[in-house]
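When reading the values below, keep in mind they use all heavy atoms of this one structure, side chains included, and skip hydrogens, waters and symmetry mates. To find a chain, count down the sequence lines: A is the first, B the second, and so on, and within it residues start at 1.
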Amino acid sequence: MEELLKFLEPSEIAYIYETDDSLKEVEDIDIKEIIDTLKSMNIKDSSIKDAILQNSYLLERTKEELMLLFSKLASIDIKDYDDLIMRNPNILSLEPFEIDDFLIEKRKMGYDIEDILEMIREGQI
Amino acid sequence: MFENLCSRLGFTKHEQKKIKNSYSLRKYTEKTLVKRLYKAYTFISSLGLNKKETCKIIVNCPTIGGTSPNTLSKKIENLANLGFQGEEITKIVKRNSKILSYSMDTVKDKFEFFTKLGMEKELVIKMFLRYPKLFSSSIELYQIVIKTLKDFRLEFTNEDIFTILSGCPQIYGLDLDKVRDRVKLLKDKNISNDEIREMIVNFPNILSQKQDNLEKKLDIYFELGLMSLIIKDSKRLMQSIDLTIKRMCFIRDREKELAPQKYFRIFNSQKAFQSLYGIDNEGLDTLYGNEVKNMSYKVS
């Protein structure tokens, strides 16, 4: 809670708990680790706040999971994470295999890789 | 003995206490608990999970620590029989470890509730993968949510409802009164029922948006003349309100003639916006960060 209060207003925290009551059980130390991980990826505080508000399940992830996700995104040349999160905060819930599955599915449908990457940025994934 | 094992496996002191005090494991002697915990831990980590993730799963659902690998294996097999594959099963277990404490019939019944409604198996899998906690909601709640959607009188077809449920399965965890408020907000903005239907089906997450944020976004897009675009492509509502306002301010100050086509550039990728206007998100923040912070911006 203390860590969340650094980012969010009490009413915003209440909204997050409304989306999932069990988030109350996430420890401060884990929240701090997630926020520090996002910051280390050059994601700005305002984008982190927005991501938490739009996708509170992010708080249940671990640093390791997020790092794997970022490394998957980097491998397909999506490296501006701040811009990505501002446009598609839900991506932070995904596992690397889901990015692969999306790429394969869209490739099969005949899309160019650049178009698929734009779909990911826009939240079509 | 218990502390030694737990420390070796990576459980923190706090987690050890939580496991030891859990109702489901209190019945075991220390020797039995150590044996069972070790076997369960080994099984869980064999699903491809690291130490920290394995510990988290057991701490979130200590019953697992006393469950035999044979039983756990059958529960995993049950998920595979429903159609979930390797990494998908790992994701479900990681996000909702309680699933390993439910009976196989319970899990199967919940899954089949949706297929019996006529939802395609692939879509059901996608829905549970997006929100594994759905396995922890009751079938009664599933029915209430579906009824709530129908009660909006937006003429949703069954297909629409399936798209909404799979696109925003977190709706099962939301306060349904607040969901109703969000639909009411759309109606209050004089958006027609057909358009609201289209918006929700295209972007079911609109039902879980924070109410005041959603209202702020709608007001801005109305004022910029972009609502017809938002109705057709409501996923645009996902974009951060801060980014929208900063880009809007920049276009407002930069362009001599303002038109919805120009404001549409609010949704460009950073790369495209930068190549058009020579400014990145950081530059926008320097110029308009304060307007956003103080909410003192004006559209025109």
Side-chain angles (χ1 to χ4, degrees), chain A residues 8-9 11-12 14-23 25-27 29-30 33 42 44-51 53-57 60-65 68 78 80 82-91 93-98 100-101 114 117-119 121-125, chain B residues 12 14-15 49-53 56 59-60 85-88 90-91 94-96 98 126 129-133 136 170-171 173-175 177-178 203 205 208-213 233 235-244 246 267-274 280-282 285 289 292-293:
Chain A
L8 307 171
E9 301 292 325
S11 68
E12 294 170 327
Y15 162 75
I16 285 174
Y17 291 158
E18 177 219 317
T19 62
D20 189 341
D21 202 45
S22 67
L23 290 173
E25 288 162 28
V26 182
E27 310 261 349
I29 187 168
D30 294 324
E33 192 175 67
N42 293 325
K44 291 198 194 76
D45 286 5
S46 57
S47 309
I48 295 174
K49 173 181 168 162
D50 209 57
L53 278 176
Q54 293 217 44
N55 177 16
S56 48
Y57 306 103
E60 292 188 328
R61 305 216 69 180
T62 62
K63 176 184 177 179
E64 291 75 15
E65 284 176 346
L68 283 174
I78 294 183
D80 188 344
D82 188 63
D83 187 56
L84 175 71
I85 302 316
M86 273 197 278
R87 299 170 71 208
N88 178 12
N90 292 335
I91 200 156
S93 293
L94 298 182
E95 298 285 337
F97 80 86
E98 291 173 289
D100 283 333
D101 288 351
E114 264 313 311
L117 296 187
E118 195 47 27
M119 285 178 198
R121 291 187 188 103
E122 283 185 345
Q124 291 187 41
I125 187 167
Chain B
T12 63
H14 176 67
E15 290 172 337
L49 297 157
N50 63 29
K51 261 188 172 186
K52 199 174 171 182
E53 290 165 340
K56 201 173 163 188
V59 172
N60 284 343
Q85 294 175 1
E87 286 179 301
E88 296 172 343
T90 309
K91 178 177 177 177
K94 259 200 303 189
R95 304 283 178 92
N96 185 8
K98 287 186 183 131
K126 201 170 156 189
L129 266 181
R130 280 216 170 123
Y131 188 60
K133 284 183 184 168
S136 295
Q170 60 271 35
I171 191 173
L174 298 178
D175 176 343
D177 281 337
K178 300 229 165 116
F203 181 48
N205 273 316
S208 68
Q209 294 271 304
K210 193 167 177 290
Q211 182 98 355
D212 52 350
N213 267 4
D233 191 3
K235 273 202 173 93
R236 305 279 184 184
L237 286 167
M238 205 173 5
Q239 177 163 301
S240 137
I241 184 81
D242 284 8
L243 181 65
T244 292
K246 284 177 213 161
F267 302 111
N268 281 5
S269 67
Q270 167 155 248
K271 207 172 152 189
F273 197 85
Q274 197 173 354
D280 61 8
N281 292 344
E282 207 144 321
D285 194 48
V292 171
K293 209 171 158 191

Checklist outcome for this item: CD of E12(A) to CG of N213(B), rounded to nearest 0.5 Å, is 7.5 Å
Checklist outcome for this item: With chain A, the option among N60(B), D285(B), N281(B) that has the most non-hydrogen atom pairs under 4.5 Å is N281(B)
Next on the checklist: What part of D233(B) gets within 4.5 angstrom of chain A, counting heavy atoms only: side chain, backbone, both, or neither?
Outcome noted: neither
Checklist outcome for this item: Taken to the nearest 0.5 Å, the spacing of L174(B) CG from Y15(A) OH works out to 7.5 Å
Item to check | Pick from A51(A), S93(A), S11(A), S46(A) with the largest number of heavy-atom pairs that fall under 4.5 Å of chain B | outcome: S93(A)
Item to check | Interatomic spacing from CZ in R87(A) to CG in N268(B) - rounded to 0.5 Å | outcome: 7.5 Å
Checklist entry - With a 4.5 Å limit on heavy-atom distance, are the side chains of E65(A) and E53(B) in contact? => result yes
Checklist entry - Of all of R236(B), Q211(B), K94(B), which one pairs up most often with chain A through heavy atoms under 4.5 Å apart? => result K94(B)
Item to check | Contacting region of D280(B) [heavy-atom separation from chain A under 4.5 Å] | outcome: neither
Checklist entry - Is the NZ atom of K44(A) crowded by more than 12 outside heavy atoms at less than 6.0 Å? => result yes
Item to check | Under 4.5 Å from any heavy atom of chain B - which part of D50(A) | outcome: side chain
Item to check | Any residue meeting ring pair (Phe, Tyr, Trp, His ring centres under 6.0 Å) with F267(B), in chain and number order, not counting sequence neighbours | outcome: Y221(B)
Item to check | Smallest separation among heavy atoms of K133(B) and S22(A), with atom names | outcome: NZ-OG, 2.8 Å
Next on the checklist: Within this structure, what is the CG-CG distance for the pair L129(B) and D101(A), rounded to the nearest 0.5 Å?
Outcome noted: 9.0 Å
Item to check | Validation row: E64(A), K52(B) side chains within 4.5 angstrom (heavy atoms) | outcome: yes
Item to check | Which atoms of S47(A) approach chain B - backbone, side chain, both or neither, heavy atom under 4.5 Å | outcome: neither
Next on the checklist: When you measure from the side chain of Q170(B) to the backbone of T19(A), do you find a donor-acceptor pair of N or O atoms at a distance under 3.5 Å?
Outcome noted: no
Next on the checklist: Against E95(A), only a single residue in R95(B), E87(B), E88(B) fulfils side-chain contact (heavy atoms from CB on, under 4.5 Å); can you say which?
Outcome noted: R95(B)
Item to check | Top of I16(A), D21(A), N90(A) for chain B proximity - count of heavy-atom pairs under 4.5 angstrom | outcome: N90(A)
Next on the checklist: I need the residue from Q239(B), K210(B), K56(B) with the largest number of non-hydrogen atom pairs under 4.5 Å to chain A.
Outcome noted: K210(B)
Item to check | Region of D212(B) that comes under 4.5 Å of a non-hydrogen atom in chain A | outcome: neither
Checklist entry - Can you tell which of G289(B), A272(B), S269(B), G173(B) has the highest number of heavy-atom pairs within less than 4.5 Å of chain A? => result S269(B)
Next on the checklist: Taking ring pair (Phe, Tyr, Trp, His ring centres under 6.0 Å) as the definition, give me every residue that meets it alongside F203(B), ordered by chain and number, with sequence neighbours left out.
Outcome noted: none
Item to check | Working for side chain to side chain contact (heavy atoms under 4.5 Å, CB included), residues R121(A) and Q270(B) | outcome: CA-CA 10 Å; R121(A) 291 187 188 103; Q270(B) 167 155 248; over 6 Å; no
Next on the checklist: For D83(A), which atoms come within 4.5 Å of any heavy atom of chain B: side chain, backbone, both, or neither?
Outcome noted: both
Item to check | Passing candidate, salt bridge (charged side-chain N to carboxylate O under 4.0 Å, His left out) with E98(A), options R130(B), K91(B), K126(B) | outcome: K91(B)
Checklist entry - Can you find a pair of side-chain heavy atoms, one from Q54(A) and one from Q209(B), that are under 4.5 Å apart? => result yes
Next on the checklist: Working note: D242(B) + M86(A), criterion side chain to side chain contact (heavy atoms under 4.5 Å, CB included); need CA distance, chi angles, decisive distance, verdict.
Outcome noted: CA-CA 9 Å; D242(B) 284 8; M86(A) 273 197 278; 5.6 Å; no
